[in-house]
Protein chains: 2
Amino acid sequence: MKVLSKTSEYGLRALLFMVGKRQEQEYINIREMSEQLDISFHFLTKILQNLTQAGMLTSYRGPSGGVAFNVSPDNILLIDVIRLLEGDDFFEKCLLGLPGCGEKAPCPMHRFWGEIRGALRQEFESTTLAQMGESVLKSRLRLVP
Amino acid sequence: MKVLSKTSEYGLRALLFMVGKRQEQEYINIREMSEQLDISFHFLTKILQNLTQAGMLTSYRGPSGGVAFNVSPDNILLIDVIRLLEGDDFFEKCLLGLPGCGEKAPCPMHRFWGEIRGALRQEFESTTLAQMGESVLKSRLRLVP
DNA sequence: AAGTTTTAAGAGTATTTTATCTTAATTTAA
DNA sequence: TTAAATTAAGATAAAATACTCTTAAAACTT
């Protein structure tokens with residue numbers, strides 16, 4: 001069950017990494033981060049660029065440059081990240097991929113799927129990046145393969 | 001949120017279609033089904049071939065041939081279909097795509113995601129094709145875009 | 001038996017997603 | 001002020017997924 005694209009996987013991992021580091025270092029070097037997380041540098045750069053352009057991050061070029069949070073991760077919900085990286089219709093889609101599926105013309109899976117999707121959204125809407133990120137520090141949770 | 005591949009989407013839609021038709025017609029013509037459901041004939045044929053080889057369906061060639069249930073849809077769970085079309089590891093995967101993620105080295109999303117995934121699996125494990133398919137007949141639920 | 005219909009199987013093509021390469025712009029530091 | 005480091009941006013390439021085409025095999029119809 002692949003729910004997130006690589007873009008979101010990498011983006012979330014990078015953000016969680018940044019949450020863990022933000023005490024010691026405000027701007028995080030993308031090259032270093034890409035090496036630590038074993039993610040393609042150019043690909044990661046592009047993902048973080050999107051988050052920067054959307055205002056979630058801020059960036060600085062040149063030596064000792066990098067990206068930093070523009071909004072406190074206490075105020076960033078997981079759903080915000082996913083909406084930015086996957087698009088606004090992320091939680092709207094029909095399980096069977098039927099474009100016309102909705103309340104008016106529901107597919108056989110509509111109600112069934114709506115309940116599951118609702119639970120998932122509920123979780124994503126009530127969890128902040130900071131909450132998720134703290135657990136990386138407290139326990140020995142891993143961000144790296 | 002694209003959870004299923006096109007293969008599974010098409011396969012499920014076809015099976016639900018067959019459930020709805022099985023009273024009047026045992027063997028369902030793939031060509032006709034592909035037209036009714038607006039799915040590429042060759043692609044659908046291949047998907048149904050897999051289900052036939054796996055023993056879920058049985059097929060008949062020649063005029064008035066087609067595919068029919070080899071197992072009663074009362075005894076087919078949604079999870080059976082998904083396991084066949086998506087692979088056995090469908091419900092095992094990490095949300096962040098980390099290959100090493102598991103109880104021993106959980107990623108930050110591990111528990112969070114495990115709960116959602118469990119609820120989803122529970123639903124797929126306790127719903128039969130027949131149950132899902134009956135609703136297509138009883139109400140005016142749609143299988144077609 | 002011949003011709004037609006239909007599923008089976010594999011090769012080939014197209015589209016989308018993921019990843020890389022190259023060049024430019026910005027900033028620091030010597 | 002020059003060189004090095006770093007993000008920005010766009011073009012290109014590789015890989016995965018989705019789809020199509022062609023030929024074969026089986027079964028029916030006449």
Side-chain angles (χ1 to χ4, degrees), chain A residues 1-14 18 25-70 85-87 90 93 96-97 99 145, chain B residues 1-14 18 25-70 85-87 90 93 96-97 99 145:
Chain A
M1 172 163 53
K2 203 194 153 191
V3 169
L4 300 179
S5 65
K6 289 287 173 195
T7 295
S8 293
E9 286 179 15
Y10 294 167
L12 272 173
R13 279 172 60 203
M18 287 173 66
Q25 203 181 353
E26 194 188 0
Y27 279 84
I28 312 280
N29 184 286
I30 301 181
R31 170 79 58 186
E32 190 195 324
M33 183 155 50
S34 78
E35 284 165 3
Q36 298 254 352
L37 297 177
D38 195 29
I39 297 173
S40 147
F41 165 72
H42 286 103
F43 198 18
L44 181 57
T45 296
K46 204 155 300 186
I47 295 165
L48 297 176
Q49 258 174 48
N50 286 336
L51 298 180
T52 300
Q53 285 164 355
M56 182 178 284
L57 303 180
T58 175
S59 70
Y60 221 81
R61 298 197 232 196
S64 79
V67 289
F69 283 106
N70 191 39
L85 297 178
E86 297 281 344
F90 183 68
K93 289 178 192 157
L96 295 180
Chain B
M1 174 163 52
K2 203 193 154 196
V3 168
L4 301 178
S5 64
K6 288 288 174 194
T7 295
S8 293
E9 287 179 14
Y10 293 168
L12 270 174
R13 280 172 59 202
M18 288 172 65
Q25 205 182 351
E26 194 187 0
Y27 280 83
I28 312 280
N29 184 286
I30 301 180
R31 170 78 58 186
E32 191 196 323
M33 183 154 49
S34 78
E35 284 165 2
Q36 298 254 353
L37 297 177
D38 195 30
I39 297 173
S40 146
F41 166 71
H42 286 103
F43 198 18
L44 181 57
T45 295
K46 203 157 298 181
I47 294 165
L48 297 176
Q49 259 174 47
N50 285 337
L51 298 179
T52 300
Q53 286 166 353
M56 181 178 285
L57 303 179
T58 175
S59 69
Y60 220 82
R61 298 198 230 197
S64 79
V67 289
F69 284 106
N70 190 39
L85 296 178
E86 297 281 343
F90 184 69
K93 290 179 191 154
L96 295 180

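Remember, predicted model here, so these are calculated numbers, not experimental data. Excluded from the calculations below are hydrogen atoms, water molecules and symmetry mates; all remaining heavy atoms, backbone and side chain alike, are included. Residue numbering restarts at 1 for every chain, and letters A, B, ... go by the order of the sequence lines.
Listed nucleotides: C:dA8, D:dA27, D:dT6. Nearest to the side chain of B:Q49: C:dA8. When the nucleotides C:dT6, C:dT18, D:dA4 are ranked by their closest atom to the side chain of B:N29, C:dT6 comes out on top. Of the candidate nucleotides C:dT5, C:dT20, C:dT7, C:dT7 has the atom lying nearest to any side-chain atom of B:F41. Among the nucleotides D:dT7, D:dC19, C:dT4, the one closest to the side chain of B:S40 is D:dC19. Closest to the side chain of B:H42, from the set D:dC21, D:dG10, D:dT7, is D:dC21. Each of C:dT6, C:dT18, D:dA5 was ranked by its minimum atom distance to the side chain of B:R61; first place goes to C:dT6.
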- Message: I'd like to know whether B:L85 forms a side chain to side chain contact (heavy atoms under 4.5 Å, CB included) with B:F90, so could you lay out the CA-CA distance, the side-chain angles of the two residues, the decisive distance to 0.1 Å, and finally the verdict.
- Response: CA-CA 10 Å; B:L85 296 178; B:F90 184 69; over 6 Å; no
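Of all non-hydrogen atoms in A:L96 and B:E9, the two that sit nearest each other are O-OE1, 3.3 Å. The two atoms that bring A:G11 and A:I47 nearest to each other are CA-CG2, 3.8 Å, heavy atoms only. The shortest heavy-atom contact between A:E26 and A:A68 is O-CB, 3.4 Å.
Counting distance only, with no hydrogens placed and no angle test, the side-chain atoms of A:K46 and the base atoms of C:dT20 include a donor-acceptor pair under 3.5 Å.
At whole-Å resolution of the value, CZ in A:R31 and C1' in C:dC21 are 12 Å apart. Between the CG atom of A:N50 and the P atom of C:dA19 there is a distance of 15 Å, rounded to whole Å. Across the protein-nucleic acid pair, B:Y27 atom OH and D:dC28 atom P stand 10 Å apart, rounded to whole Å. The interatomic distance linking A:E86 (CD) with C:dT16 (P) rounds to 17 Å, in whole Å. Atom P of nucleotide D:dT7 and atom CE of A:M18 are separated by 11 Å, given to the nearest angstrom. Note: CG (A:L44) to P (D:dA8) measures 11 Å, nearest angstrom. The separation between A:L48 atom CG and D:dA9 atom C1' is 15 Å, rounded to whole Å. A straight line from CZ of A:F43 to C1' of C:dA19 spans 7 Å, rounded to a whole angstrom.
Across all strands shown, A:E32 has no heavy atoms under 4.0 Å from either base or sugar-phosphate atoms. Across all strands, B:Y60 comes closer than 4.0 Å only to sugar-phosphate atoms, never to a base (heavy-atom distances). Contact annotation for A:Y10: backbone-only contact, meaning every heavy-atom pair under 4.0 Å involves sugar-phosphate atoms and none involves a base.
Between A:K2 and A:P63, the one whose closest nucleotide on DNA chain C sits nearer the 5' end is A:K2. Nearest-nucleotide assignment on DNA chain C puts the 5′-proximal partner with B:G66, out of A:T7 and B:G66.
The CG atom of A:L51 sits 9.5 Å away from the CD atom of A:Q53 when rounded to the nearest 0.5 Å.
A close approach under 4.0 Å does not occur between any side-chain nitrogen or oxygen of B:T52 and OP1 or OP2 of C:dT7. A:S64 has no side-chain polar atom (N or O) that falls below the 4.0 Å cut-off from OP1 or OP2 of C:dT27.
Using a 4.5 Å heavy-atom cutoff, the side chains of B:F69 and B:L57 are in contact.
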